[in-house]
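Counting starts at 1 for both ligands and their atoms, in listed order.
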Amino acid sequence: MILLLWILQVAFLGSFYRSITIARLRTYAHTISDTIASDGDAELAIYDASEDCGVCMTLYRIEGSRGSTLVSSHVKNNCFIHTFLTTDEISRIYSGTLSSGGKLVTNLIGDTENTDGGESMVYSVLINGTEGEKYLLLFNTESYPVDATASMIRTQLSLITLLMLICAAMLAFLISKRITRPVAQLSAEAQRLATGDYDVHFSVSGIKEIEKLGETLGYAASELSKHERTQTERIANISHDLRTPLTLISGYSEVMRDIPEERTAENMQVVIDESARLTELVSDILDATRLDSDSELLGLSTFCLSDDVSDECLRYSHMLNAKGYTVTYELIGERAFVSADEKRIMRAFCNLVNNALSFTGEDKLVQIKQIVANGVCRTEVIDTGIGIGEDDLGMIWERYYRARDRKAKGVPGTGLGLSIFRKIMEQHGARYGVISTPGSGSTFWFELPTV
Ligand code: ADP
């Protein structure tokens, strides 16, 4: 920018001024020449133009190579054409104009003292009259004192340049301190993070946005490390859950292969049960993954949720009565019809019942309640187990999450049941939740609008 200013303001100042002035005079010359060519009042045209632009003008009629004054408009004192112009010079300007095709700028011929330090610039134009007569029109303007102006601008520009260089240096220093350095620091830390090193620090001091970016990156790093920890924990959990039935299956099978007396129905049942558990585990993992990819659309239909739930309770009762479990069903209100994906809702419901059966107390009691009122069917699964601690309450819906004390007790499970339940409820836009007091059991519930 500074260079551009130097070039425009110093190097080309004179030629700019000159070309602008000449362009202006050329339009006046054009008007006057038109007036003469159309036999109009040349005198009036010249006086008007002269007043208008503040330039002295003279119109000569040329005979031979000499010119006699026809109109003279003198608006500035000490102008060249009214003070110093001799007949010889008129002839010289005429022949110069003639040889340059009718238009000529003759400058730098003035007396610098008489023209306020500037130089006279004479612009001459040849005009042809209607009857073949020839005229020479002279404009006398003062060329601007370019050198003096340029030297003044140069001094100013030197000061501006110095000032701008100081400002630019300060700005560069500030930008480097507040932006470039912190960004480089952040990028170095981000590269370490990319290689899996989570011991990174994104706290930098710079402009507000960069500090915010640092905070966000720090948050992302901590989340990533948390995610990796949970991932490892999950894999360990799944491996552990898979290993238990596999160990039992292979152990029992080997014993039955080697010792014929051990080939009993009970031992075979253990192998069958453990295989079933394995299948359930794998199908849970598959279900959870499938539900995650939202591509599976809901197969909506209208069905009687009360009938389905009470049938399911009956089935549980038949299956588990012998083992001492009691599964009860109570309906408060009308039978409820809902519009939902029947298979998935029942899958979600069974997950709750399975958990209740696993975690219920000594009395082995699981109560199912349905309360139908105000267009909503609320289904509750109530157990009398040890309940869920406050710390665990927020986490139980997470995939592979299993409360620590439960895991320690060796209750079988995948940690997927409730995450599958939650996903199904979210897909239906249903409200759900749990009320639990440690020591006195839990109530898991969900609500669906009736139709
Ligand atoms: P899983 O039961 O296979 O471990 P879930 O996702 O179904 O996995 O449950 C997650 C955790 O929530 C369980 O490990 C358990 O700690 C807790 N939980 C679920 N249902 C109950 C319940 N009825 N009573 C007490 N704790 C429960």
Out of I386, I388, D383, T384, whose heavy atom is nearest to atom 23 (N) of ligand 1?
D383
Close approach of G385 to ligand 1, heavy atoms, under 4.0 angstrom
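No heavy atom of G385 comes that close to ligand 1.
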For E211, the salt bridge (charged side-chain N to carboxylate O under 4.0 Å, His left out) test, sequence neighbours excluded, returns none
Would you mind telling me which of W445, F349, Y432 makes a ring pair (Phe, Tyr, Trp, His ring centres under 6.0 Å) with F421?
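Filter result, single survivor: Y432.
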With sequence neighbours excluded, tell me which residues meet side chain to side chain contact (heavy atoms under 4.5 Å, CB included) with T360.
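Side chain to side chain contact (heavy atoms under 4.5 Å, CB included) check on T360 returns Y325, D363, V366, D383, T384.
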For F139 and Y123, take the angle between the two ring planes, folded into 0 to 90°, and tell me which bin it lands in: parallel under 30, tilted 30 to 60, perpendicular over 60.
tilted
Before signing off on this row, confirm whether N355 and ligand 1 have an N or O atom pair separated by under 3.5 Å.
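Yes - when backbone and side-chain N and O of N355 are compared with those of ligand 1, one distance drops under 3.5 Å.
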Aromatic centroids of W6 and F12 separated by under 6.0 Å
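F12 vs W6: aromatic centres not under 6.0 Å.
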For L416, take its heavy atoms, then give the atoms of ligand 1 lying under 4.0 Å from any of them.
6 (O), 8 (O)
Below a 4.0 angstrom heavy-atom separation, can you tell me which part of F444, side chain or backbone, both or neither, approaches ligand 1?
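Side chain only; the backbone of F444 stays clear of ligand 1.
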